[in-house]
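Each remark here refers to the structure printed beneath this line.
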Amino acid sequence: MQLSRLWKNTSLSTKSVLLTSLLVILTVVIVSTVATNRERANSRDQFEEQADLLLTALSQDMREELVDFDLNQLEQTTNAIMSNDQITLIRVYDSSGNLLADPITPRAGLSRTPNEEALIILGRSPDDTLYDWREDELIAGRAIALGNRPLGVVRIGISTASIDEQISTSRQNSAITALLISLVAVAATVWLTRQVTNPLSSLTTAVSSVAAGNYDLKIAQKSGDEVGKLAGAVSQMASVIQHREKELREINATLEKRVEERTVELANANERLTDALKEAEEANRLKSEFVATMSHELRTPLNAILGYTQIMQRGMAGEITDRQKDNLSRIFSNSEHLLTLINEILDLSKIEAGRMEIINEPFEIRSVMNDITKRMQALADKKPIQFEVNVHDNVPQTLIADADRVKQITINLISNAIKFTDQGYVKVNVASNNDRWTLVVEDTGTGIPSHMHHTIFEQFRQVDSSSERKHRGTGLGLAIVQKLTLLMNGTVELSSELNKGTTFTVTLPLVAESEAQVEEVK
């Protein structure tokens, strides 16, 4: 962290010198290393070539001596070769790997144990030289043969001191060259950096002056390079800022007056909006009260119509014809539909007016579902569909909620499902999970388009709202389901795919019996 902070605070010129010097030194070191390695490799190749030539000559000279087994002549030859300062050793072995001649060792002291290196060379081709590079010498060996018959082996050692001396000299020259190049590079970098940093320093001072508010500053453009162009751009920027600041002062002079005028206008507008909001709230309240009152008043005569219609249908007011029965059936059906519409409007008005009471009390969920099944079975029997209601074993026998509202939610969802399902099934499942219980109504009906999933719960919203729609309805059922569910602290979710079916999931709190209470939602 300290090195990073130190590097950030270092001047640009110092960074340039350091980076350039490091780059030059690394480059020179790499080049010198490559050159030294290449020179070493070339020197080794030369030494191996020299050793190969020498062994070729020795093989030819010693072939007759080994055929005649002339050890005296062999010893004279090895002594003559050993007189060369570069030769560190020369040894001759017979075809069994035994040492025959060694200038350093008297003949009487020669070992008669087969030499491993000699045996290895005897197993190779006579034209194949075996090289062994050691710390300060090269050991080379080759087999001596007569035709295909091996006669022996000659091994010589050549001093590599000249290679080391040559490489050492090369390294010294490389170091001197690297030093000179580095000095030249650093000097050039310092000069070039000053050509950039000095104008930049002057430019930085000028920009700081402009930032302090001195817009009359003029920066001299001494060159036509990038730095000179930057200086000209800064001068132009200072001139533009000065002009804009003058315009800004003129605008500010009139802005306060405009703000005061707009503030007064906004205050008046807010006052008018407040009055309009109060009027709208009052109108909405009166509307809700009117709709609730009218719905209640309409429900009474409709119930009477339904009652008298049933009396006439049963023949309690006298015998009637088949045509009259058909007409009475239509009267009853339409009156019942109208009563349902009025009840939905009344419930919705109560909810909007905050007068809908949620009465939480214990009820037997299985008994409620049995009643709903009997009521809805007749509606399902009119279509070739399967209708099932299932209450899972994990659901308690007694739940605490508003049983009437649970019935209303369930009947609305099942009615919708049966209405829009012509084949397949309508299934109802009741289950519990920890502190919640769910009511799931699933069908294989027409489904709801994805673009309507977020709007289907709005009032008077229907999937098919055209005048030629197939199914009757007010578009209030799902709106009432959602609002009643929210009033009972629950949620309702929709999953649907067009022409494949729809699933509604209502989730309600699983309240303990001790928590039962009656509350009015305000």
Side-chain angles (χ1 to χ4, degrees), residues 299 302-303 305-307 309-310 312-314 325-348 363-391 403-430 438-448 456-457 460-465 468-482 484-485 492 494-496 499-506:
R299 202 162 48 168
L302 274 176
N303 282 324
I305 292 173
L306 289 171
T309 302
Q310 286 182 320
M312 295 179 69
Q313 284 178 322
R314 294 170 183 171
K325 287 182 180 180
D326 182 62
N327 290 334
L328 287 173
S329 177
R330 294 186 180 184
I331 292 173
F332 184 83
S333 176
N334 284 281
S335 298
E336 192 176 44
H337 176 67
L338 184 57
L339 181 61
T340 300
L341 173 61
I342 292 173
N343 285 334
E344 289 179 346
I345 294 176
L346 180 60
D347 289 340
L348 197 59
F363 72 96
E364 294 185 359
I365 183 63
R366 290 171 177 79
S367 176
V368 169
M369 287 299 154
N370 287 335
D371 293 341
I372 294 174
T373 302
K374 293 176 182 178
R375 179 174 175 180
M376 304 306 296
Q377 187 66 54
L379 186 62
D381 289 342
K382 296 179 181 180
K383 293 186 174 184
I385 61 175
Q386 179 185 357
F387 177 57
E388 296 180 3
V389 178
N390 179 36
V391 181
D404 292 336
R405 302 309 168 196
V406 171
K407 286 182 181 179
Q408 188 173 0
I409 291 172
T410 306
I411 290 172
N412 278 0
L413 292 177
I414 295 176
S415 298
N416 268 0
I418 294 175
K419 182 191 303 182
F420 293 101
T421 303
D422 295 328
Q423 59 182 0
Y425 62 82
V426 174
K427 295 182 180 179
V428 181
N429 287 287
V430 180
T438 58
L439 169 68
V440 180
V441 179
E442 179 184 2
D443 66 63
T444 56
T446 57
I448 300 172
I456 196 66
F457 292 102
F460 306 106
R461 177 73 69 172
Q462 292 178 306
V463 174
D464 182 7
S465 58
E468 299 178 356
R469 64 181 183 269
K470 179 180 177 182
H471 305 285
R472 293 193 306 173
T474 61
L476 295 176
L478 291 180
I480 292 175
V481 167
Q482 186 184 54
L484 289 178
T485 302
V492 57
L494 163 65
S495 174
S496 181
N499 299 323
K500 290 189 176 181
T502 304
T503 300
F504 286 94
T505 303
V506 176

Return yes when atom CZ of R330 has more than 12 non-hydrogen atoms of other residues, nucleotides or ligands closer than 6.0 Å, and no otherwise. no

Using atom types as modelled and distance alone, determine if a side-chain donor or acceptor of S495 lies under 3.5 Å from a backbone N or O of T503. no

Rounded distance (nearest 0.5 Å) linking atom CD1 of I456 with atom CD1 of I448: 4.5 Å

So, does K383 use its side chain to make a donor-acceptor pair with the main chain of I418 at under 3.5 Å? yes

Note, F504 side chain near L478 side chain (heavy atom, < 4.5 Å): yes

Find out whether V506 and L413 are in side-chain contact, i.e. whether some heavy atom of one side chain is under 4.5 Å from a heavy atom of the other. yes

Which value, rounded to the nearest 0.5 Å, describes the distance between N370 atom CG and I365 atom CD1? 10.0 Å

Decide yes or no for F387 and D381: does some side-chain heavy atom of the first lie under 4.5 Å from some side-chain heavy atom of the second? no

Taking the side chain as every heavy atom from C-beta outward, state whether I411 and M376 have any pair of such atoms under 4.5 Å apart. yes

The reported gap from CZ in R366 to CG in N390 (rounded to nearest 0.5 angstrom) is 9.5 Å

Does any part of the side chain of M369, heavy atoms only, come nearer than 4.5 Å to the side chain of L439, both counted from C-beta? yes

T421 side chain vs T446 backbone, donor-acceptor pair below 3.5 Å: no

Is there a donor-acceptor pair under 3.5 Å between the side chain of T502 and the backbone N or O of L494? no

Interatomic distance, Q408 atom CD to I372 atom CD1 [nearest 0.5 angstrom]: 11.0 Å

d(T444 OG1, I385 CD1) to nearest 0.5 Å is 7.5 Å

Looking at every non-hydrogen atom in both residues, tell me the closest pair between G501 and S496 and how far apart they are. O-OG, 3.1 Å

Rounded to the nearest 0.5 Å, what's the gap from CD1 on I409 to CD on Q482? Could you check? 11.0 Å

